[in-house]
Amino acid sequence: MAAPQMTLPKKPFGWEKLIVTILMIAGILWSAGETDVNIPMFFANFDQFMKIFDQMMSPDWSYTSYVIAPLIETIKMAVIGTTIGALVAAPYAFLVSRNIIQNRFVTGILRFILNIIRTIPDLLLAALFVAVVGIGPVAGIITLAIFTFGMVGKLFYEAVETIDEGPIEALTASGANKWEIVRYAVIPQVSSYFVSYFLYAFEINVRASTVLGYVGAGGIGVFLQQALGQFRYDRVSIMVLVIFAVVLVIDYVSLKTREVLM
């Protein structure tokens with residue numbers, strides 16, 4: 001007798017997936033209509049892009065000496081702002097971690113504050129602090145510190161809440177206080193994560209600080225805005241190349257540091 005043929009059961013038609021797909025497509029089309037997206041106009045004006053690109057392919061190398069000082073200022077802004085924000089975010093993360101602080105009301109209020117800070121765009125923060133402290137790198141440093149606090153704070157408290165609970169339970173049973181629990185059971189498990197998040201925030205802040213100069217927050221962004229306003233795309237290309245080189249170096253150093261720590 002021939003062996004019976006085995007057939008796989010038919011999968012039910014995925015109505016949910018079809019509905020979600022239709023809704024996503026409808027949302028994209030509606031968004032394109034509301035924002036007046038005109039794809040044919042983009043291709044019709046593509047020659048303008050090629051003209052700008054052709055000018056950027058002939059960089060003004062003599063302008064390099066003028067770029068070094070604001071570039072160093074940008075890196076300094078990122079270093080100071082990231083350090084301040086991360087140092088404040090570290091203890092704050094312990095206060096919003098529900099496996100450390102059992103009071104849900106306290107953690108809820110502190111998380112709400114953290115979420116508010118994270119929702120404020122960095123350019124808006126920079127514009128506000130430029131109005132308060134004036135044009136210069138101080139406004140950029142404060143902006144980057146607040147931005148880092150919001151980002152690192154969230155990442156760090158999520159890391160704290162995923163640690164092994166065994167050491168915490170052992171220290172609690174032996175009568176340890178909160179500080180001893182954090183010092184001996186929590187910090188050893190999350191210290192490498194904190195360094196990794198610090199480096200990640202630093203990479204982002206180097207890029208972000210180049211944009212903050214558009215609102216007067218110091219750094220190379222001020223020179224980039226001036227070059228774009230004067231249609232000096234040969235100078236723009238120099239700044240783009242310099243920023244790109246710095247970001248590559250920072251990414252490489254950060255990657256190697258994470259490999260050593262993790």
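Here the structure is a predicted model, which is why all the values come from computation and not from measurement.
- By the 4.5 Å heavy-atom criterion applied to side chains, Ile72 and Ile68 are counted as neighbours.
- Between Ile238 and Tyr66, the closest side-chain pair of non-hydrogen atoms is not below 4.5 Å.
- When all heavy atoms of Ala185 and Leu171 are compared, the closest pair comes out as CB-CD1, 3.6 Å.
- For the pair Arg118 and Lys154, the minimum side-chain heavy-atom distance is below 4.5 Å.
- Closest approach of Leu95 and Ile101 over heavy atoms only: O-CG1, 3.5 Å.
- Using modelled atom types, one side-chain atom of Arg111 and one backbone atom of Val96 make a donor-acceptor pair closer than 3.5 Å.
- In this structure, the side chain of Asp54 does not engage the main chain of Met50 through any donor-acceptor pair within 3.5 Å.
- When atom types are taken as modelled, the side chain of Glu161 and the backbone of Asn99 share no donor-acceptor pair closer than 3.5 angstrom.
- No hydrogens or angles considered: nothing links the side chains of Ser58 and Asp234 as a donor-acceptor pair under 3.5 Å.
- Using a distance-only test at 3.5 Å, with no hydrogens or angles considered, a donor-acceptor pair links the side chain of Thr74 to the main chain of Ile220.
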**OP:** Apply side-chain contact (heavy atoms from CB on, under 4.5 Å) to the pair Ile187 and Phe94, showing each step before the final yes or no.
**Re:** CA-CA 10 Å; Ile187 292 179; Phe94 291 118; 4.1 Å; yes
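- Across Met77 and Gly219, no two heavy atoms sit closer than the pair SD-N, 3.8 Å.
- At least one side-chain heavy atom of Gln189 sits less than 4.5 Å from a side-chain heavy atom of Asp164.
- No donor-acceptor pair under 3.5 Å is formed between the side chain of Thr82 and the backbone N or O of Val79.
- Residues Gly81 and Thr148 approach most closely at O-OG1, 4.1 Å, considering heavy atoms.
- Shortest non-hydrogen contact noted between Ser209 and Leu144 is CB-CD1, 3.9 Å.
- Looking only at side-chain heavy atoms (C-beta outward), Tyr233 and Leu228 come within less than 4.5 Å of each other.
- Residues Pro59 and Ser237 approach most closely at CB-OG, 3.1 Å, considering heavy atoms.
- Around atom CD1 of Ile135, no more than 12 heavy atoms belonging to other residues, nucleotides or ligands sit under 6.0 Å away.
- With contacts defined as side-chain heavy-atom distances shorter than 4.5 Å, the pair Phe202/Ile250 qualifies.
- Within a 6.0 Å sphere centred on OH of Tyr92, other residues, nucleotides and ligands contribute more than 12 heavy atoms.
- Classification of the Tyr193-Tyr197 ring pair by plane angle, with boundaries at 30° and 60°, yields tilted.
- The shortest distance between side-chain heavy atoms of Tyr63 and Phe223 falls below 4.5 Å.
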**OP:** Please lay out, stage by stage, how Ile120 and Phe147 fare under the test side-chain contact (heavy atoms from CB on, under 4.5 Å).
**Re:** CA-CA 9 Å; Ile120 303 175; Phe147 173 76; over 6 Å; no
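- Phe156 and Phe194 have their aromatic ring centers within a separation under 6.0 angstrom.
- No side-chain heavy atom of Val236 sits under 4.5 Å from any side-chain heavy atom of Arg232.
- With hydrogens and angles disregarded, a donor-acceptor distance shorter than 3.5 Å links the side chain of Arg207 to the backbone of Glu203.
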